[in-house]
Peer 1: 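Got a structure here, written out as structure tokens. Questions coming.
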Amino acid sequence: LLLFLPERSNLAGVRHILLVLSGKGGVGKSTISTELALSLRHSGKKVGILDVDLCGPSIPRMFRVQDNDVHQCDSGWVPVFADQDKSISLMSIGFLLEKPDDAVVWRGPKKNALIKQFVADVAWGDLDFLIVDTPPGTSDEHISTVEALRPYKPLGAILVTTPQAVSVGDVRRELTFCKKTGLRVLGIVENMSGFVCPHCSECTNIFSKGGGEELAKHAGVPFLGSVPLDPQLSQSLEEGRDFIQEFPKSSAFPALTHIAQQILDGALQQSS
Amino acid sequence: AEAAELRERLRSVKHTVLVLSGKGGVGKSTFSALLAHGLAADEAKQVALLDVDICGPSIPKMMGLEGEQVHQSGSGWSPVYVEENLGVMSVGFLLSSPDDAVIWRGPKKNGLIKQFLRDVDWGEIDYLIVDTPPGTSDEHLSIVQYLSAAHIDGAVIITTPQEVSLQDVRKEINFCHKVKLPIIGVVENMSGFICPKCKNESQIFPPTTGGAEKMCQNLNVSFLGKVPLDPQIGKSCDKGQSFLSEAPESPATTSYRNIIQRIQEYCDQRHFQEEKII
């Protein structure tokens, strides 16, 4: 008789787990995961990010730790700390590659095996939040991640989209995935929602506008907010800098902090 | 025997171009759709667009074919035709509702891709364009494996200028080398935005490490060109119209057309070289 005891596992000290999903690629899942982590850290929380995008791991570079290695300890893998105070810790296949340009050309079964390890074998210690950043789609990585996390009762999922119909079309399918796998949807974020020209302040809806909000309404899930396109944000991410600290006057800042606040409120509700 | 079956079916395909990227959301499907429209502008050419993004099929919407269904005949599955000389196939046509999710693991996805190649009655085609999902996994391995029965002219790799995209695209270039897939070249999409009001340029996705051009120089891969951001592109895709027809004066249209021409020239050259060998 084999008893599974979640209390003894590496996730025992993690208070809340949330997934960042999208049916669509390139909408800003890793960006939102990173900014959410930074926001929560600024609210005094300890945050971990688990990057289960095995083919295109973006998280290490966003914290400027892409050259770090992963070490082992008695309980498993030690996550990589993004800062001196160890308030943000990371795990990604990016840290396990010999060369950064090495392609991970794996079929499903091998990806599934690593994801199970990532979920069970990272010694996170005590965390307020574990954010799980995912690749686009509804396939091996997503099925395996949700299955492996199920015993730990995740808080839920944030779905990221850009405003235009082509993105929303894929995110609708991701909503179905959540429904079918019993994953609670915390809400939808509409990213890249309008661009304010830094020269003349004219706002152009480069990727259209409103699709995310409409989808949230149509699907009956909370709309967490619209985040505008901000080249300062892109620049920060490229250079692994703390956007939340550096650009509190940016147009993206209020939206990102508002999303983090709603997550905090939701987590508080779940705890009580 | 399976390989022979595929070879037989794909014998009538003159040129095959794969559209790849390590990174999601850089414009693969947009580019595939416009490449198909661009090549099909010559009514004498027969063009086929195959969408092997099983989880996130964008092609039906972009080609204005949402809601269409696939019909079977004695000779196999019929592609859905946008024009007489432009046929399309996607898992999107097999789904009955826009909310339907294809929650499949690798092996099942591979099975469908094989069916797409074996059972679709394309007829005689000049160009088969294959749109792919982001990554270097099942779909990519399978399409290269199954199409080896025919012959792939090469891959067009799409990226955006910033390093977070380039780092994934370098992996894709490595993938191509690993599976011996020739690279036609790299396209840098979303390369700069000109404000419609003040006409100043902003780099929304800044090329902090030199952009695609520098990466191509470093990796000795052909750079096909840059395409700027134009809000009309997204709109046309959402409406299912060809951006090239809707905005013929846009600088983005000029860029796309130049790149399409270079791809055509590449394919014609290879054809010529092979005929010489024979």
Side-chain angles (χ1 to χ4, degrees), chain A residues 23-28 30-31 54-58 61-62 66 100-109 111-112 135-140 142-143 162-167 169-170 172-177 180-181 195 197-200 202 204-208 229 231 234-235 237-239, chain B residues 22-26 29-30 54-58 61-62 66 98-107 109-110 133-138 140-141 160 162-165 167-168 170-175 178-179 193 195-198 200 202-206 208-209 229-231 234-235 237-238:
Chain A
K24 188 89 185 69
V27 295
S30 300
T31 300
L54 304 181
C55 296
S58 304
R61 193 160 213 286
M62 291 187 175
Q66 63 269 32
D101 297 344
D102 279 346
V104 174
V105 186
W106 293 353
R107 288 194 183 272
K111 292 198 282 188
N112 299 334
T138 51
S139 189
D140 286 278
H142 314 86
I143 300 170
T162 47
Q164 76 267 52
V166 162
S167 293
D170 283 347
R172 284 176 80 161
R173 294 185 243 268
E174 200 73 20
L175 281 168
T176 304
F177 171 83
K180 287 204 163 155
T181 55
F195 172 67
C197 176
H199 304 276
C200 72
E202 166 90 350
T204 308
N205 292 327
I206 300 183
F207 300 114
S208 195
L229 273 165
S234 314
Q235 194 84 25
L237 289 162
E238 284 284 284
E239 293 163 10
Chain B
K23 188 85 185 72
V26 295
S29 299
T30 302
I54 311 277
C55 297
S58 304
K61 188 174 207 58
M62 289 187 179
E66 253 193 333
D99 294 320
D100 280 350
V102 180
I103 307 172
W104 292 353
R105 290 193 184 273
K109 292 195 284 187
N110 299 336
T136 50
S137 189
D138 286 276
H140 313 86
L141 285 167
T160 46
Q162 76 278 44
E163 177 59 24
V164 80
S165 294
Q167 74 182 357
D168 287 350
R170 286 191 202 98
K171 294 191 221 279
E172 197 75 19
I173 291 174
N174 267 320
F175 167 81
K178 254 189 189 164
V179 300
F193 173 68
C195 175
K197 188 163 180 214
C198 70
N200 280 302
S202 290
Q203 292 292 345
I204 297 182
F205 302 113
T208 55
T209 55
L229 270 168
D230 181 333
K235 284 206 188 95
C237 285
D238 279 358

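The sequence lines fix the lettering, A, B, ..., with proteins before strands; numbering per chain opens at 1. Worth saying up front: this structure is predicted, and the values here are computed from it rather than measured.
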Peer 1: Please classify the contact of B/Val26 with chain A as side chain, backbone, both or neither, using a heavy-atom distance under 4.5 Å.
Peer 2: neither
Peer 1: If we define contacts as heavy-atom pairs under 4.5 Å, which of B/Pro107, B/Ser58, B/Gly135, B/Ser202 has the most with chain A?
Peer 2: B/Ser202
Peer 1: Which residue out of B/Pro134, B/Ala101, B/Gly234 racks up the most heavy-atom pairs below 4.5 Å with chain A?
Peer 2: B/Ala101
Peer 1: In Å, rounded to the nearest 0.5 Å, how long is the span from NE2 of A/His199 to NZ of B/Lys197?
Peer 2: 13.5 Å
Peer 1: Any side-chain heavy atom of B/Ile204 sitting closer than 4.5 Å to one from A/Ile206?
Peer 2: yes
Peer 1: Counting heavy-atom pairs under 4.5 Å to chain B, which of A/Ser139, A/Pro231, A/Ser234 comes out on top?
Peer 2: A/Ser139
Peer 1: On a heavy-atom basis, which atom in A/Cys55 and which in B/Asp168 lie closest, and how many Å separate them?
Peer 2: O-OD1, 4.5 Å
Peer 1: Using non-hydrogen atoms only, which part of B/Leu141 is less than 4.5 Å away from chain A: side chain, backbone, both, or neither?
Peer 2: both
Peer 1: Can you tell which part of A/Asp102 gets under 4.5 Å to a heavy atom of chain B, answering side chain, backbone, both or neither?
Peer 2: backbone
Peer 1: Does any heavy atom of chain B fall under 4.5 Å from the side chain of A/Phe177, the backbone, both, or neither of them?
Peer 2: both
Peer 1: Please rank A/Thr181, A/Val166, A/Leu229, A/Leu54 by heavy-atom pairs under 4.5 Å with chain B and give me the top one.
Peer 2: A/Val166
Peer 1: Under a 4.5 Å heavy-atom cut-off, does chain B meet the side chain of A/Asp140, its backbone, both or neither?
Peer 2: both
Peer 1: Any idea which of B/Lys178, B/Glu172, B/Arg170, B/Gln203 has the most non-hydrogen atom pairs under 4.5 angstrom with chain A?
Peer 2: B/Arg170
Peer 1: Distance from B/Lys61 atom NZ to A/Asp170 atom CG, nearest 0.5 Å?
Peer 2: 10.0 Å
Peer 1: Answer with side chain, backbone, both or neither: which region of B/Cys198 has an atom nearer than 4.5 Å to a non-hydrogen atom of chain A?
Peer 2: both
Peer 1: Taking the side chain as every heavy atom from C-beta outward, state whether A/Met62 and B/Val164 have any pair of such atoms under 4.5 Å apart.
Peer 2: yes
Peer 1: Sort B/Pro98 into side chain, backbone, both or neither according to what part of it lies under 4.5 angstrom from a heavy atom of chain A.
Peer 2: both
Peer 1: Are the side chains of B/Arg105 and A/Asn112 in touch, meaning some heavy atoms are under 4.5 Å apart?
Peer 2: yes
Peer 1: Any chance you could measure B/Asp138, atom CG, to A/Arg107, atom CZ, to the nearest 0.5 Å?
Peer 2: 5.0 Å
Peer 1: What option among A/Gly56, A/Ala165, A/Ser167 has the most heavy-atom pairs under 4.5 Å with chain B?
Peer 2: A/Ala165
Peer 1: Could you go through the side chain to side chain contact (heavy atoms under 4.5 Å, CB included) check for B/Thr208 and A/Gln235 one step at a time?
Peer 2: CA-CA 8 Å; B/Thr208 55; A/Gln235 194 84 25; 3.6 Å; yes
Peer 1: Could you measure the distance from the CD atom of A/Gln164 to the NZ atom of B/Lys235? Nearest 0.5 Å is fine.
Peer 2: 11.5 Å
Peer 1: What part of B/Lys23 lies closer than 4.5 angstrom to a heavy atom of chain A: side chain, backbone, both or neither?
Peer 2: side chain
Peer 1: To the nearest 0.5 Å, what is the distance between OG1 (B/Thr209) and CD (A/Glu238)?
Peer 2: 6.5 Å
Peer 1: Is any side-chain heavy atom of A/Thr204 closer than 4.5 Å to a side-chain heavy atom of B/Phe193?
Peer 2: yes
Peer 1: So which part of A/Pro57 gets closer than 4.5 Å to some heavy atom of chain B, the side chain, the backbone, both or neither?
Peer 2: both
Peer 1: Which bit of B/Pro133 is near chain A, if near means a heavy-atom gap under 4.5 Å: side chain, backbone, both or neither?
Peer 2: neither
Peer 1: Of the backbone (N, CA, C, O) and the side chain (C-beta and beyond), which part of A/Pro100 lies under 4.5 Å from a heavy atom of chain B, both, or neither?
Peer 2: backbone
Peer 1: If you take all heavy atoms of B/Cys195 and A/Cys200, which pair is closest and at what distance?
Peer 2: SG-SG, 3.6 Å
Peer 1: Under 4.5 Å from any heavy atom of chain A, what part of B/Glu163 do you find: side chain, backbone, both or neither?
Peer 2: both
Peer 1: What distance do B/Asp99 atom CG and A/Thr176 atom OG1 have between them, rounded to the nearest 0.5 Å?
Peer 2: 5.0 Å
Peer 1: Counting heavy-atom pairs under 4.5 Å to chain A, which of B/Thr160, B/Ile54, B/Val102 comes out on top?
Peer 2: B/Val102
